Amino acid sequence: GAVVSQHPSRVICKSGTSVKIECRSLDFQATTMFWYRQFPKQSLMLMATSNEGSKATYEQGVEKDKFLINHASLTLSTLTVTSAHPEDSSFYICSARAQTSGGSYNEQFFGPGTRLTVL
Amino acid sequence: AQKVTQAQTEISVVEKEDVTLDCVYETRDTTYYLFWYKQPPSGELVFLIRRNSFDEQNEISGRYSWNFQKSTSSFNFTITASQVVDSAVYFCALTKYSSASKIIFGSGTRLSIRP
């Protein structure tokens with residue numbers, strides 16, 4: 001199947017700093033990428049949907065000024081956690097959906113996740 | 001609104017036992033997709049199955065089987081002869097038929113297989 005990578009896999013930062021997480025589709029072009037957050041022992045919660053070349057659509061309750069999403073190319077989306085605080089510590093997972101092709105379902109492929117710890 | 005309910009928070013069984021993970025969903029759409037994912041301790045989601053709402057046939061893949069019943073809005077997952085490697089969190093999920101739709105996840109069931 002298609003591969004989605006995330007970098008870094010793990011990051012520890014100090015409170016108040018900003019952290020950028022990259023999500024790449026390695027062998028396909030992704031017109032749509034999704035960013036999820038997962039707190040310990042909880043489910044994946046969608047944060048935002050980003051389409052290449054346009055502004056991301058954020059879910060209710062997610063601060064767009066705090067979680068900056070850029071989807072500048074068909075293979076790369078970035079999530080920047082600005083002025084991170086300990087409560088932002090979480091597992092961040094991205095997924096990428098291939099370009100649409102007719103009426104068939106276009107699979108959503110998940111990255112391996114990035115574990116963010118804010119001290 | 002769409003919703004996925006996994007009532008079983010945690011299940012623990014002894015190796016070789018069969019175990020069924022329940023999933024009940026809500027949607028107003030007549031066409032949709034249902035999924036099961038496995039999340040081992042590493043955290044990476046592993047895709048197990050996708051089923052579209054048109055296809056109510058049960059599916060079997062090795063020790064895994066899925067029972068889709070539209071009448072009860074359920075999509076249950078059974079592991080036969082469980083193994084320790086099956087220990088993980090399992091998520092049931094739902095999405096609209098549209099390719100652009102987001103996936104809605106259930107709360108997950110943590111499965112522990114004891115040797």
Side-chain angles (χ1 to χ4, degrees), chain A residues 1-6 8-10 21 23 30-52 54 56-60 62 71 90-117, chain B residues 1-12 21-25 29 31-55 61 87-112:
Chain A
V3 178
V4 175
S5 70
Q6 280 185 242
S9 57
R10 191 177 292 266
I21 302 170
C23 176
T31 48
T32 305
M33 287 187 170
F34 303 85
W35 286 95
Y36 295 83
R37 180 169 52 183
Q38 185 181 28
F39 291 111
K41 296 196 175 184
Q42 293 190 25
S43 186
L44 283 77
M45 299 303 295
L46 181 67
M47 299 175 67
T49 302
S50 76
N51 292 297
E52 185 262 340
S54 61
T57 302
Y58 290 81
E59 295 298 301
Q60 197 170 10
V62 177
H71 191 166
S90 188
F91 192 53
Y92 292 85
I93 304 173
C94 75
S95 68
R97 176 166 276 152
Q99 285 182 306
T100 57
S101 56
S104 62
Y105 180 80
N106 293 291
E107 203 68 60
Q108 193 175 136
F109 300 97
F110 287 84
T114 296
R115 195 164 299 281
L116 170 64
T117 303
Chain B
Q2 297 182 312
K3 185 179 178 182
V4 177
T5 301
Q6 294 179 255
Q8 304 151 307
T9 307
E10 294 191 30
I11 299 176
S12 180
L21 282 60
D22 298 332
C23 173
V24 174
Y25 63 92
D29 299 308
T31 53
Y32 48 89
Y33 288 98
L34 293 162
F35 306 81
W36 275 95
Y37 289 90
K38 174 182 180 180
Q39 188 177 42
S42 65
E44 185 162 2
L45 280 179
V46 177
F47 169 82
L48 296 178
I49 189 172
R50 181 182 78 243
R51 170 67 71 216
N52 75 52
S53 53
F54 298 129
D55 185 2
S61 176
S87 297
V89 179
Y90 290 86
F91 291 99
C92 180
L94 166 72
T95 190
K96 290 184 179 182
Y97 205 69
S98 163
S99 291
S101 294
K102 58 191 179 187
I103 294 178
I104 306 297
F105 286 85
S107 54
T109 297
R110 184 174 300 274
L111 177 63
S112 298

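This is a predicted model, so every value here is computed, not measured. We name chains A, B, ... by the order of the sequence lines, and we start the count at 1 in each one.
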- Message: Using the salt bridge (Lys or Arg N to Asp or Glu O under 4.0 Å) criterion, which residues pair with A:Arg37? Sequence neighbours excluded.
- Response: none
- Residues in ring pair (Phe, Tyr, Trp, His ring centres under 6.0 Å) with B:Phe47, at least two apart? B:Tyr37
- Item | Pairwise side-chain contact, A:Leu44 with B:Ile103, heavy-atom cut-off 4.5 Å (strictly under) | no
- Query: Under a 4.5 Å cut-off applied to non-hydrogen side-chain atoms, are A:Ile93 and B:Gln39 in contact?
  - Reply: yes
- Task: Say whether, by atom type as modelled, one donor and one acceptor occur between the side chain of A:Arg97 and the main chain of B:Ser101 under 3.5 angstrom.
- Result: yes
- Main-chain N/O of B:Gly108 paired with A:Ser43 side-chain donor or acceptor, under 3.5 Å: no
- Message: On a heavy-atom basis, which atom in A:Gln38 and which in B:Phe91 lie closest, and how many Å separate them?
- Response: NE2-CZ, 3.5 Å
- Query: Can you tell me how far the NZ atom of A:Lys41 sits from the OG atom of B:Ser107, to the nearest 0.5 Å?
  - Reply: 13.5 Å
- Message: If I take atom CZ from residue B:Phe35 and atom CD from residue A:Glu107, how far apart are they, to the nearest 0.5 angstrom?
- Response: 6.0 Å
- Cut-off 4.5 Å, heavy atoms of chain B, and the answer for A:Leu46 is side chain
- Query: What part of A:Gln6 gets closer than 4.5 Å to chain B, counting heavy atoms only: side chain, backbone, both or neither?
  - Reply: neither
